[in-house]
Number of protein chains: 2
Amino acid sequence: MEETDKDSYIQGDRMYVATDCVIFGFDEGNLKLLIFKRRVEPLRGEWSLIGSVVRLEEDVQDAAKRVLKEITGLDGVFMEELKSYGKADRDPGYRCISIAHYALIRIGEYDKELVKKHGADWYDIDEVPQLVLDHNQMVKDALERIKRKARYKPIGFELLPEKFSIPQLQRLYEAVYREQLDARNFRKKVISLNVLNKLEEKDKSTSKRGAFLYKFNYVNYQKLLRQGFNFEIS
Amino acid sequence: MEETDKDSYIQGDRMYVATDCVIFGFDEGNLKLLIFKRRVEPLRGEWSLIGSVVRLEEDVQDAAKRVLKEITGLDGVFMEELKSYGKADRDPGYRCISIAHYALIRIGEYDKELVKKHGADWYDIDEVPQLVLDHNQMVKDALERIKRKARYKPIGFELLPEKFSIPQLQRLYEAVYREQLDARNFRKKVISLNVLNKLEEKDKSTSKRGAFLYKFNYVNYQKLLRQGFNFEIS
DNA sequence: ACAAAAGTGTTCTGTATACACCCATGG
DNA sequence: CCATGGGTGTATACAGAACACTTTTGT
């Protein structure tokens, strides 16, 4: 389990390596963060990112994937190393460095039972409570990272369902950049990249008229990547 | 010492945390890398990045700084975390993850005695020999990082002496990007950023006419950072 | 019929790019 | 006097930014 691993190891004379996951989702126009309330000492009752000690025989990256899977049931989603948190005094209990990772998940697809069972919950990114240790810093760093990353990688598609409308995509970018975008310019830009396949279907959930749905075209995206391109949108 | 720390700790039942430093310099139009030849087992005689185990009471970042200082005598130079290398089998001897860092140093300023004493040497970035473990991968990753970083931060100034000419700066960018740049456009671009103070002096080392020297204006650079800007040069 | 979101084009402006010649100096 | 690298300006193309109205349809 995410918390017990760590706790069962407490000793004062050695270094522990852990990983903590900053898990983002997107829903109803808001960027969300998955956190959980600790049920065991130390720090019982405090909000925390989800993490675990890295096992001796386990790749660090695999540990992060394991954590994500344990709490959301998901694998194969976008996940990347953020950075390490290695201050000697970051954890008052024992010497532990954390290699933080961040993940972008489709908020419709996670395993709700599992999340509930672990006492985890989604928080709007503006309403994240105080977290244990340096976890708020991790969230801040991860946010900056995805903001920057969105400029050269189409990060948004990881967070949306398979079929999505252009206004939906725009709301996502607005949530990440924290600014309003011009609908005409936005549409022009994303369509010009040639990585969207328009479907016949419409999404009628947000308007009477309905917005056409699109799918992300991974083949064209690969081509684009090879050429090098700029996804800057503002 | 950079190697002995690690070696004196060998045990099979625990996780070690190390740091390895990718140290770049720039000289005579070439980007260079500082590496050293191991003098003790294991892997005696092999080329390696410079690294050390992170001490129990030491911040990871401080460990990286310590390593850099031990071998070059420098501190206060630009140094940043690259990423972690956490494969369970990356080091056949024992379980050790490495938090790699990269540094950009002024090649005229390091302590030559110290470097020599450690068996270290500068290699042209195109002529780096095979290194131990995953160190070649670290170098490759660091190179990609500085290439990308150069697009939004004026990374070049860390590698040049305090006073430098515009052609010198251009050669540095050419070495990092691995492509020829147009001298007129390059000059136009860097001057337009308003972060260079022109001096009266000239550098006559590369031409008879001499090229005016400049200093980097950190105050204006801070202003620029606040506005957000694009250092893209090509 | 009206409210509410989706969808559509054009103009302007700034910036990146391409490109060729004169300048200053030491030898 | 000439070889070598330093320094300068202009024209063109392209991409980002600003901007307002029509369409659709459920209620």
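Proteins come first, then strands; the chains are lettered A, B, ... in the order of their sequence lines, and each starts at number 1. Computed from a prediction, not measured in an experiment: that's the story for all the values here.
- We find that A/Glu144 and A/Arg148 are not joined by a salt bridge, their nearest charged nitrogen and carboxylate oxygen being 4.0 Å or further apart.
- Geometrically, B/Lys83 engages B/Tyr85 in a cation-pi contact defined by less than 6.0 Å to the ring centre and at most 45° from the axis.
- Here the P atom of nucleotide C/dA6 and the CD1 atom of A/Ile191 are 14 Å apart, to the nearest Å.
- A donor-acceptor pair is defined here as one N or O able to donate and one able to accept, closer than 3.5 Å; no such pair exists between the side chain of B/Ser84 and the backbone of B/Ile99.
- Residue B/Phe26 is tested with B/Glu158, B/Arg106, B/Arg171 for a side chain to side chain contact (heavy atoms under 4.5 Å, CB included); the sole match is B/Arg171.
- Listed by residue number, the members of residues 154-165 of chain A with any heavy atom below 4.0 angstrom from DNA chain D form an empty set.
- Of all heavy-atom pairs spanning A/Val22 and A/Ala142, the tightest one is CG1-CB, 3.7 Å.
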Per-nucleotide protein contact along nucleotides 19-27 of chain D, 5' to 3', at a 4.0 Å heavy-atom cut-off (B base, S sugar-phosphate only, - neither), is BB--BBBB-

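- Remark: C1' of C/dA6 and CD of A/Gln168 are 13 Å apart, rounded to the nearest angstrom.
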Given ring-ring contact (aromatic ring centres under 6.0 Å, His included), test A/Phe24 with A/Phe78 step by step and report yes or no. CA-CA 10 Å; A/Phe24 291 111; A/Phe78 177 88; over 10 Å; no

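- One can place CZ of B/Phe212 at 10 Å from C1' of C/dA24, the figure rounded to the nearest angstrom.
- In this structure, the NZ atom of B/Lys189 is 19 Å from the C1' atom of D/dT8, given to the nearest Å.
- Between A/Phe164 and A/Phe157, a ring centre-to-centre spacing shorter than 6.0 Å is recorded.
- A straight line from CD1 of B/Ile166 to C1' of D/dG6 spans 10 Å, rounded to a whole angstrom.
- Regarding B/Arg187, its CZ atom lies at a distance of 18 Å from the C1' atom of C/dA18, rounded to whole Å.
- Between the OH atom of B/Tyr173 and the P atom of C/dA16 there is a distance of 14 Å, rounded to whole Å.
- Comment: A/Asp27 does not engage A/Lys32 in a salt bridge, judged by the lack of any side-chain N to carboxylate O separation of less than 4.0 angstrom.
- Using a 4.0 Å cut-off between charged side-chain N and carboxylate O, B/Lys189 and B/Asp182 make no salt bridge.
- We find that CD of A/Glu28 is positioned 14 Å from P of C/dA5, with the value rounded to whole Å.
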